[in-house]
Protein chains: 2
Amino acid sequence: MIFTTKAEYGVRLLVELGRHGAEQPVSLKAIAAAEGLPLAYLERIVALLKKAELVESTRGAHGGYRLTRDPADVHMDEVIIALEGAVAPMTCFVDDTDSPRVLCSHEADSGQGCATKLLWMRVQGGVMEKLSQTTLAELVAFASREPITRHDRETLTSGG
Amino acid sequence: MIFTTKAEYGVRLLVELGRHGAEQPVSLKAIAAAEGLPLAYLERIVALLKKAELVESTRGAHGGYRLTRDPADVHMDEVIIALEGAVAPMTCFVDDTDSPRVLCSHEADSGQGCATKLLWMRVQGGVMEKLSQTTLAELVAFASREPITRHDRETLTSGG
DNA sequence: GTCAATCCTACCAACGGGGTCGGAGAAGAT
DNA sequence: ATCTTCTCCGACCCCGTTGGTAGGATTGAC
């Protein structure tokens, strides 16, 4: 599995916020009820989004959360990284941009390049590409549509 | 994390087989020693590759495994599916090609389309695209090269 | 027959994911 | 003031999967 429920719930939460205007905040309780998600768990997830400054909060009665930007300016790569941490294909695969090389724990043994590195880099590139091409505004629009048909399935994967 | 060590070890195993010719089989013991991987665990992994008819085995002394095809004809989408099962972004996301729709467990609640489905379909499409574009022959060639430089990293993700 | 290899099943420890609980601040409503 | 509603925060816990081991049965070359 690529993503956990953190990503799933977090994106759904953002979509729900995007559906309402940015004027008045929406409480987590309302979102949890609307989406059928556990409130206590959502609290921990929304904290990640707040730390990434994707949402802002108002405490106290009639408080809640709202988006800090226009949904069209929110790209999913930033969202997923905030929720899941860096998207890596493998445990040994940490893209440390400060280091000149992507290191692999097995690499040191054989003295030659890690056989799978090329593959994992391409896969990660493919994922990040699709994520950055998708905006929150698109998801908000999509969620309000009819349930998709078989015909839709063959077209909507084409990307941005 | 997208992939587990099943994919990692399985691909490395295939690369090791691809490095040798297809004439005489290579024993798991030799591969385990060359890659520094646990033999008993490799046994279970290679069983998946055999079931998918990506490798064939010879039992008894001087036995081992060899590829059933030319490495240039082995595409990674087939390999990864054999090793990991279907690549799905989320637990709720099972691409059942018999059913007209991709169902989501949360979908039934709200009566409207699942907000995250569009995103997961695009991501999965991106992954499968990169996997199918990469052949075993490429990985064999890549593994025999020098350790990569920073300059390489910016070019090798462009895909097959 | 013996050694080297594939096969196969059961077992196990550790980890992370998913979720709960209880409470402590903050701020509007009364 | 105080009550209610909300955000915030840390500790805790269950459980499935992953990664790996153990032990054997079977096959075939020498």
Side-chain angles (χ1 to χ4, degrees), chain A residues 1-13 17 24-33 35-66 68 80 83-92 105-106, chain B residues 1-10 12-13 17 20 24-33 35-66 68 83-93 105-106:
Chain A
M1 230 53 58
I2 298 183
F3 301 118
T4 69
T5 55
K6 281 203 196 73
E8 173 80 22
Y9 295 175
V11 172
R12 298 167 76 85
L13 193 154
L17 289 185
Q24 61 193 18
V26 185
S27 76
L28 271 196
K29 196 176 179 181
I31 293 178
E35 297 277 342
L37 303 178
L39 171 62
Y41 192 33
L42 268 190
E43 288 182 358
R44 281 183 14 200
I45 291 172
V46 79
L48 301 170
L49 296 173
K50 192 189 177 185
K51 185 157 48 176
E53 297 183 354
L54 288 162
V55 303
E56 59 189 10
S57 64
T58 309
R59 301 181 69 160
H62 299 101
Y65 295 89
R66 82 185 72 118
T68 57
I80 296 299
L83 289 167
E84 298 276 1
V87 175
M90 277 295 306
T91 42
C92 74
S105 54
H106 306 290
Chain B
M1 228 55 59
I2 299 182
F3 301 118
T4 69
T5 55
K6 281 203 196 74
E8 174 80 23
Y9 296 174
R12 298 167 77 84
L13 193 154
L17 289 185
H20 296 69
Q24 62 193 17
V26 185
S27 76
L28 270 196
K29 195 176 180 180
I31 293 178
E35 297 278 340
L37 303 177
L39 171 62
Y41 192 33
L42 269 190
E43 288 182 359
R44 281 182 13 198
I45 291 173
V46 80
L48 300 170
L49 296 173
K50 191 187 177 186
K51 185 157 48 176
E53 298 183 356
L54 288 162
V55 303
E56 60 190 9
S57 64
T58 308
R59 299 183 68 164
H62 301 100
Y65 295 88
R66 81 186 72 118
T68 57
L83 290 166
E84 298 276 3
V87 175
M90 276 297 304
T91 41
C92 75
F93 194 92
S105 54
H106 306 289

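These numbers were taken from a predicted model, which means no experiment stands behind them. Below, read A as the first sequence line, B as the second, and so on, with proteins coming before strands; counting in each chain starts at 1.
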For atom CD1 of I31(B) and atom P of dA5(C), their distance in whole Å: 12 Å
Whole angstrom value for the distance that separates C1' of dG18(C) from CD of E84(A): 12 Å
Distance-only donor-acceptor test (3.5 Å): side chain R44(B), base dT18(D): no
Length of the CD-C1' vector between E56(A) and dC8(D), whole Å: 16 Å
Whole-Å distance separating the CZ atom of F3(B) from the P atom of dG19(D): 13 Å
E56(B) side chain vs T68(B) backbone, donor-acceptor pair below 3.5 Å: no
Sugar-phosphate, base or nothing in reach of K50(B), heavy atoms under 4.0 Å: sugar-phosphate
Any T4(A) side-chain N or O less than 4.0 Å from OP1/OP2 of dG17(C): no
Contact nearer the 5' end of DNA chain D, comparing A40(A) with A40(B): A40(A)
For atom CD of E43(A) and atom C1' of dG18(C), their distance in whole Å: 15 Å
Closest contact, heavy atoms only, P25(A) versus G64(A): CB-C, 3.5 Å
Y41(A) side chain near dC13(D) phosphate (N/O to OP1/OP2, under 4.0 Å): no
Protein-nucleotide distance (L39(A), atom CG; dG22(C), atom C1'), rounded to Å: 14 Å
Residue A61(A), side-chain heavy atoms: nucleotide from dA5(C), dG28(C), dC8(D) that is nearest: dG28(C)
N or O in side chain of T58(A) less than 4.0 angstrom from dC6(D) OP1/OP2: no
Nearest non-hydrogen partners of Y65(B) and L17(B), listed with the distance: O-CD2, 3.4 Å
Earlier contact from the 5' end, DNA chain C, for K6(A) and G60(A): K6(A)
Phosphate contact (dA5(C) OP1 or OP2) by S57(B) side-chain N/O below 4.0 Å: no
Distance in angstrom units between M1(A) CE and dG16(C) P, rounded: 18 Å
Y9(A) side chain near dG19(C) phosphate (N/O to OP1/OP2, under 4.0 Å): yes
Presence of salt bridge, E35(B) and R12(B), under 4.0 angstrom: yes
dT7(D) base / R59(A) side chain donor-acceptor hit below 3.5 Å: yes
Short side-chain N/O contact to dT7(D) OP1/OP2 from S27(A), under 4.0 Å: no
Interatomic distance where CG belongs to L17(B) and C1' belongs to dT6(C) [whole Å]: 14 Å
Atom pairs and distances, donor-acceptor, side-chain atoms in residues 39-50 of chain B, under 3.5 Å, two or more places apart:
from, atom 1, to, atom 2, distance (Å)
Y41(B), OH, T5(B), OG1, 3.2
K50(B), NZ, S57(B), OG, 3.0

